[in-house]
K.L.:
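Here it is, the structure, as structure tokens.
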Amino acid sequence: MGEKANVGVIGLGRLGSLYATYLQTRIQHANLVAVSDVREAAAEAFAKENHVPKWFKNYKDLLAEKAVDSVLVVTPTSTHKEVVIEAARQRKAIFCEKPLSLSLDEAVAMSSAIEETGVFFQMGFMRHFDKGYAAAKRKIDEGLIGEPIVFKSSSRDPFRPSLEYLDPRQSGGLITDCGIHDIDLARWYFGEVRSVHSIGGILAYPEISEIGDVDNAIVTLQFESGALGVIDMSRSGIYGYDIRTEILGTKGTLQIGYLRETPLMVLTKDGVTHDAVPYFMERFEQAYIAQLENFAENVTLGRPPSITCADGLAALRISLAATLSLKEARPVAVVAGEG
Ligand SMILES: NC(=O)c1ccc[n+]([C@@H]2O[C@H](COP(=O)([O-])OP(=O)(O)OC[C@H]3O[C@@H](n4cnc5c(N)ncnc54)[C@H](O)[C@@H]3O)[C@@H](O)[C@H]2O)c1
């Protein structure tokens, strides 16, 4: 591998187009050499506007390119299995967005393909690269707050994404699509989860019933250590993109996250106001860039992945157990392999 990874981006939607732009403008250890999207016109327009040498409608044509040594898989979750397995066969270094896939069977097939081919694979969970979440991890590991005993996390979207995106057959549903970030953090900070219990409902957008999902849910967790957790996730946080986590320890508490985007408070006789974080693009820009730089550095320097396929699989197992719990209205054991 040279000094820079030669990267192809597969999927140029909301996140993939951001990633491709970052690769082109912000990532030191990578060149953006090709893009692919089934929306061929979008791929062509992006490539021409951003001086990307090659674009493809079919991702397999991108994978056949010798000039591409690494790929970012940023397609809908329902396609991750197919694209990742094909990329492994073509011996590309792979970065795959969360969630790993839609089912454990798919995830195991992906993991086997990665193991058999020996390709580099890094899972996308950008919160590990967010300054606040990363600092919290260091404080926990240093023992600053003693033993972590309660995990509390909120993920609220400011509005409902498209029904096409939300459809559980594409995204995995609210808990797997959105809550998986919090579930991954829970594992990172607290270790493995023993059992989950979920409740949820269609409380804000009646049309969600058309796709068989919920728009708000709460998952409680019990960790192997005995520690407790609660995650609330919402598609109707109408005031902004609200991502916050609290970790209660025996010697102190950490609060991670913020709601005010601009460092400005407006104080008048009518009250005190400020704006709110608009959406994921603004909230996690620094983390997305750090994550891509880390991927490119790991690939070029021959370092191991910072987040593995096994991490992706473990988080998926918990999210699927929590989704089963929601459907069957009962607690579900995670380690027993249910879900
Ligand atoms: N980490 C995060 O904060 C975050 C945020 C948003 C999305 N995501 C993840 O990123 C992935 C994409 O999400 P999105 O919001 O960008 O979705 P999106 O629907 O906006 O974009 C997906 C793109 O992939 C294209 N596509 C579909 N099938 C394809 C194929 N076979 N080959 C090439 N292109 C194909 C679509 O045309 C579309 O442009 C999902 O897995 C999602 O979970 C992560």
Side-chain angles (χ1 to χ4, degrees), residues 8-22 34-47 54-64 68 71-87 94-102 106-107 110 122-130 133 155-185 213 233 235 241-243 277-292 295 307 311-312 315-316 319:
V9 174
I10 305 177
L12 284 176
R14 297 184 306 170
L15 190 60
S17 56
L18 265 190
Y19 279 0
T21 305
Y22 294 148
V35 291
S36 159
D37 198 294
V38 287
R39 296 177 300 120
E40 191 174 13
E44 179 177 357
F46 186 94
K54 301 213 161 160
W55 69 88
F56 302 97
K57 179 177 184 179
N58 189 333
Y59 75 90
K60 290 184 182 171
D61 294 331
L62 180 147
L63 293 175
V68 174
V71 290
L72 308 186
V73 180
V74 208
T75 51
T77 302
S78 54
T79 65
H80 288 182
K81 176 199 160 196
E82 173 195 324
V83 179
V84 164
I85 290 179
E86 193 56 34
I94 304 165
F95 170 92
C96 177
E97 251 314 312
K98 55 52 63 175
L100 184 57
S101 62
L102 292 182
E106 286 186 356
M110 294 162 84
Q122 184 158 324
M123 189 67 222
F125 277 129
M126 80 296 182
R127 290 192 194 178
H128 291 230
F129 297 90
D130 172 77
Y133 281 105
S155 284
R156 298 185 191 144
D157 279 340
F159 52 82
R160 170 177 78 64
S162 73
L163 289 179
E164 188 194 357
Y165 176 90
L166 292 180
D167 189 332
R169 288 166 299 182
Q170 298 286 330
S171 70
L174 178 64
I175 296 173
T176 293
D177 178 57
C178 169
I180 200 151
H181 284 295
D182 307 277
I183 288 169
D184 162 64
L185 289 175
D213 199 9
M233 62 218 86
R235 298 293 189 191
Y241 184 63
D242 189 2
I243 305 293
V277 176
Y279 209 9
F280 63 82
M281 301 80 171
E282 293 83 4
R283 173 63 183 84
F284 288 112
E285 182 180 48
Q286 168 269 319
Y288 292 136
I289 291 169
Q291 174 175 247
L292 291 182
F295 168 72
I307 309 174
D311 291 321
L316 181 67
S319 78

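Atoms within a ligand are numbered from 1 in the order they appear, just like the ligands themselves.
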K.L.:
Any heavy-atom pair between the side chains of E97 and L15 that's under 4.5 Å?
P.N.:
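In short, these two side chains touch, coming nearer than 4.5 Å.
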K.L.:
Between Y288 and ligand 1, does any nitrogen or oxygen pair lie at a separation below 3.5 Å?
P.N.:
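It does: an N or O of Y288 is found under 3.5 Å from an N or O of ligand 1.
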K.L.:
What part of Y165 sits under 4.0 Å from ligand 1 if we count only heavy atoms: the side chain, the backbone, both or neither?
P.N.:
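Side chain only; the backbone of Y165 stays clear of ligand 1.
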K.L.:
Taking non-hydrogen atoms only, is E97 closer than 4.0 angstrom to ligand 1 via side chain, backbone, both or neither?
P.N.:
side chain
K.L.:
Could you tell me which atoms of ligand 1, counted from 1 in the order shown, lie closer than 4.0 angstrom to a heavy atom of P76?
P.N.:
22 (C), 24 (O), 26 (N), 27 (C), 28 (N)
K.L.:
Return yes if a side-chain donor-acceptor contact under 3.5 Å exists between R127 and S155, otherwise no.
P.N.:
yes
K.L.:
Counting only nitrogen or oxygen atoms and a 3.5 angstrom limit, does T79 reach ligand 1?
P.N.:
no
K.L.:
Would you say ligand 1 has an N or O under 3.5 Å from any N or O of D37?
P.N.:
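Yes, there is a polar N/O contact under 3.5 Å.
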K.L.:
Evaluate V83 for polar contact with ligand 1, using N/O atom pairs at a separation under 3.5 Å.
P.N.:
no
K.L.:
Looking only at protein heavy atoms, identify the closest one to atom 35 (C) of ligand 1 and say how far it is in Å.
P.N.:
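The protein heavy atom lying closest is T75 CG2, 3.6 Å.
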K.L.:
Under 4.0 angstrom from ligand 1, any heavy atom of F280?
P.N.:
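For ligand 1, residue contact (heavy atoms, under 4.0 Å) with F280 is present.
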K.L.:
Would you please determine whether P99 falls within less than 4.0 Å of ligand 1 on a heavy-atom basis?
P.N.:
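Under 4.0 Å: yes for P99.
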K.L.:
Determine whether the aromatic ring centres of residues F159 and Y279 are separated by less than 6.0 angstrom.
P.N.:
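Aromatic pair counts; centres sit under 6.0 Å.
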